[in-house]
Amino acid sequence: MKTAILGAGVSGLALARALVEGGLDAADITLFEAAPVAGGLCRSKVIDGFTYDLAGGHILFSKQQKILDWMLTAGGGPEAFEKRQRNTAIRFEDRWVRYPFENGIGDLPEQANYECLVGYVHAWHQRKLTGSEAPPDFAAWIKWRFGEGIAKHFMDPYNEKIWKRPLEQITSEWVAGRVPDAPIEDVLRAAVGIRTEGYVHQSVFRYPKQGGFQAITDGMAADLKARIRLSTPVDKVTRKGEGWSVHGEEYDQVVLTTPLDLAAELVEGVPPDVKAAMEGLEFNGLVSFLVALDTPEQPDLSWCYLPHPNQGPANRVTWMSNYSQNGAPEGRSSLLVEITCSGREVQPGRKLEETTLLGLENAGLLRRDQVLFTDRSDVKRAYVVYVHGHETRRRKALEWLEDQGLFPLGRFGRFEYDNSDQCVEKAQCLAKRLLRADNLPA
Ligand SMILES: Cc1cc2nc3c(=O)[nH]c(=O)nc-3n(C[C@H](O)[C@H](O)[C@H](O)COP(=O)(O)OP(=O)(O)OC[C@H]3O[C@@H](n4cnc5c(N)ncnc54)[C@H](O)[C@@H]3O)c2cc1C
């Protein structure tokens, strides 16, 4: 069986490795990658001794120990990684509010703390009283789950910043496991100043000592180098007998980690209703700025969220230099700033940098005289946006491709809000299916 994998991000690389580990001859696998470097959204950049992740700060964690171990091994073994305690906060005026917000409301000014607490209790009481189901609309879901106070002080402004749409347009389908869900006792404790921990599966994370998050995909790609065609975008996948033609070569099976919303351009013969479903999938892009700073002094934080408009367009700032001591040169430090933009709009121009730095100054996160330089990276597809009808469109698109015998995989290949560990897990599942089809022991 000859297999073509379109895209050498973490999904494509994990699949190729799992196929080889399962007994497929590496010579029968070809990865086509449009970019000159493998890694996709996991890529990093080292510039003047500063390291940053191109698609916003990435950390390695997983609910699945086996997947975590597999990725640590691929990235050079556990000793090649820093192990860090997640320490995150929300910047609220001039103070730090511990994250998740409902576990940190005791850090708020008194009036805001009261509003958040009373709203949370009221929402909890309403749910108990009425037994109401989670509303499908994200704006309504926020108030249903957290109440008016947390909606006003954090959830609404933060989510409007990141999603770039009225929240009524978004569904609550994606929140399970992604938006922390604190028990009411923890929120009561937090409000009176007793420390509680939320979102614990992410409380310890790993980060490569050298080379940024890309060290993981570099490790995955190392044994596959001869099988990866870099700078080779595939623009057509066509039927050829029982198999497929990709880039003028014949393959028995084709895996697409390329964007599902573009699949109608890639694959021949997509019917109009399926094409409309594919093209109706929505996403947000991302601009990341590295801000290199001429100071070693930084708060002991992994990252912080910036919900408020006077903090500028950035929604999140990561202290990359806190992830690894090799992240910045001696005596210096860095911030990685993330700004989302609606996917189908042109990415904001140069003025963005100025308004971003101004916002960070307002938020008290940097002084302008400390900025050595900035470096910008743009990513066209960063976030899947779960607008109403998303799941129906996604299913229709995937089912059609799968009916043709094609295998969609990956964050934008399947249009799912997956982290790299979930991409690896799904790649390993697909490998088992493909190996079974090839009569190799899975
Ligand atoms: C802001 C942000 C923060 C994140 N934080 C984390 C985190 O902390 N931890 C974590 O584990 N994950 C995180 N993720 C998620 C993680 O980046 C993704 O889940 C993962 O990188 C997706 O990998 P993929 O291979 O599925 O897709 P991609 O990385 O998008 O790979 C697809 C590849 O296909 C190539 N390609 C596209 N079109 C073609 C074509 N026509 N021909 C050939 N090649 C093509 C692309 O160049 C790309 O290399 C984050 C993502 C974002 C955006």
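We count ligands from 1, going down the list as the structure has it; atoms in each ligand are counted the same way.
Counting only heavy atoms of the protein, atom 13 (C) of ligand 1 lies nearest to N419 OD1, 3.1 Å. Closest protein heavy atom to atom 16 (C) of ligand 1: H58 NE2, 3.5 Å. Ranking protein heavy atoms by distance to atom 37 (C) of ligand 1, first place goes to T258 CG2, 3.8 Å. What sits closest to atom 1 (C) of ligand 1 on the protein, heavy atoms only, is A55 O, 3.2 Å. In this structure, atom 31 (O) of ligand 1 lies nearest to the protein heavy atom G9 CA, 3.6 Å. Closest protein heavy atom to atom 20 (C) of ligand 1: V10 CG1, 3.8 Å.
Checking atom 27 (O) of ligand 1 against the protein gives no heavy-atom contact under 4.0 Å.
The aromatic rings of Y417 and Y383 sit perpendicular to each other, their planes meeting at more than 60°, with 30° as the lower class boundary. Aromatic ring orientation, F154 versus Y158: parallel (interplanar angle below 30°, classes split at 30° and 60°). Using a 30° and 60° split on the angle between ring planes, F412 and F283 fall in the perpendicular class, above 60°. Between F205 and W303, the ring planes are tilted. Angles from 30° to 60° get that label.
Geometrically, ligand 1 and Y383 share no nitrogen or oxygen pair separated by less than 3.5 Å. In terms of N/O distances under 3.5 Å, ligand 1 is not approached by L266. For the pair V234 and ligand 1, the shortest N or O to N or O distance falls below 3.5 Å. Residue F213 has no nitrogen or oxygen atom sitting less than 3.5 Å from a nitrogen or oxygen atom of ligand 1, judged on distance alone.
Counting heavy atoms only, G57 comes closest to atom 5 (N) of ligand 1 of the residues G57, P36, C423. Taking all heavy atoms of R43, E33, R316, R229 into account, the minimum distance to atom 48 (C) of ligand 1 is reached by E33.
Y52 pairs in a side-chain hydrogen bond (donor to acceptor under 3.5 Å, both in side chains) with only one of the listed residues (S44, S288, S377), which is S377.
Each of the atoms 43 (C), 44 (N) of ligand 1 lies under 4.0 Å from some heavy atom of F32. In the vicinity of L286, heavy-atom distances shorter than 4.0 Å reach the ligand 1 atoms 1 (C).
With a 4.0 Å heavy-atom cut-off, ligand 1 is reached by no atom of Q422. With a 4.0 Å cut-off on non-hydrogen atoms, D418 touches ligand 1 through its backbone and not its side chain.
Counted by atom type alone, W141 and E173 present zero donor-acceptor pairs between their side chains at under 3.5 Å. A donor and an acceptor atom, one from each side chain of Q298 and S333, are located under 3.5 Å apart.
Salt-bridge formation is not detected for the pair R344/E282: no Lys NZ or Arg NE/NH1/NH2 atom is positioned less than 4.0 Å from an Asp or Glu carboxylate oxygen. Residues D156 and K143 are paired through a salt bridge, judged by an N-O separation under 4.0 Å between the basic side chain and the carboxylate.
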